[in-house]
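Reviewing the structure listed below.
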Amino acid sequence: KAETDEAVKYYQRAVDMDGTWGKPLFKIGLAKLQKADMAGALALFQQAMGLVPDPRYEFNVCLTLGAQEQWDNAIAACRQPCATPSARLA
């Protein structure tokens, strides 16, 4: 848990330095998901999706909506075509 909190601090620094990079937002979203903060995780996954097309972000939006029992939205998110991978994924 302490390691996750420490990692989130570094990912937040990355967001503060470059708000157009989706990966640190995604990683913070995963940490929120581990803490059962579904709304916070969903918001970060969606924000990351808006910055960089990445199937991992879309998949986690789908799963998080399902975990919140937002079935119609989860099914719609899962049915969307996967994004085209970007050079910014790394």
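In what follows, residues are counted from 1 in the order of the sequence shown. Values in this document were obtained by computation on a predicted structure and should not be read as measured data.
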Show the atom names and distances, to 0.1 Å, of all donor-acceptor pairs under 3.5 Å that link a side chain in residues 36-53 to residues at least two apart or in another chain.
{"residue": "Asp37", "atom": "OD1", "partner": "Gly40", "partner atom": "N", "Å": "2.8"}

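- A salt bridge links Lys35 with Asp5: at least one charged nitrogen is closer than 4.0 Å to a carboxylate oxygen.
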List the atom pairs, with distances to 0.1 Å, where a side-chain N or O of residues 61-73 and a protein N or O form a donor-acceptor pair under 3.5 Å, not counting sequence neighbours.
{"residue": "Thr64", "atom": "OG1", "partner": "Asn60", "partner atom": "O", "Å": "2.7"}
{"residue": "Gln68", "atom": "OE1", "partner": "Gln70", "partner atom": "NE2", "Å": "2.9"}
{"residue": "Gln70", "atom": "OE1", "partner": "Asn73", "partner atom": "ND2", "Å": "3.4"}

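- Pairs engaging residues 15-47 under the disulfide bond (SG atoms under 2.5 Å apart) rule: none recorded [sequence neighbours left out].
- Residues satisfying the side-chain contact (heavy atoms from CB on, under 4.5 Å) test with Ala14, not counting sequence neighbours, are Trp21, Pro24.
- Taken to the nearest 0.5 Å, the NZ atom of Lys27 stands 6.0 Å off from the CG atom of Leu30.
- Listed by chain and residue number, nothing satisfies the side chain to side chain donor-acceptor pair (under 3.5 Å) test with Gln34 (two or more places apart in sequence, or in another chain).
- Asp16 is linked by a side chain to side chain donor-acceptor pair (under 3.5 Å) to Gln12, counting only residues two or more places apart in sequence or in another chain.
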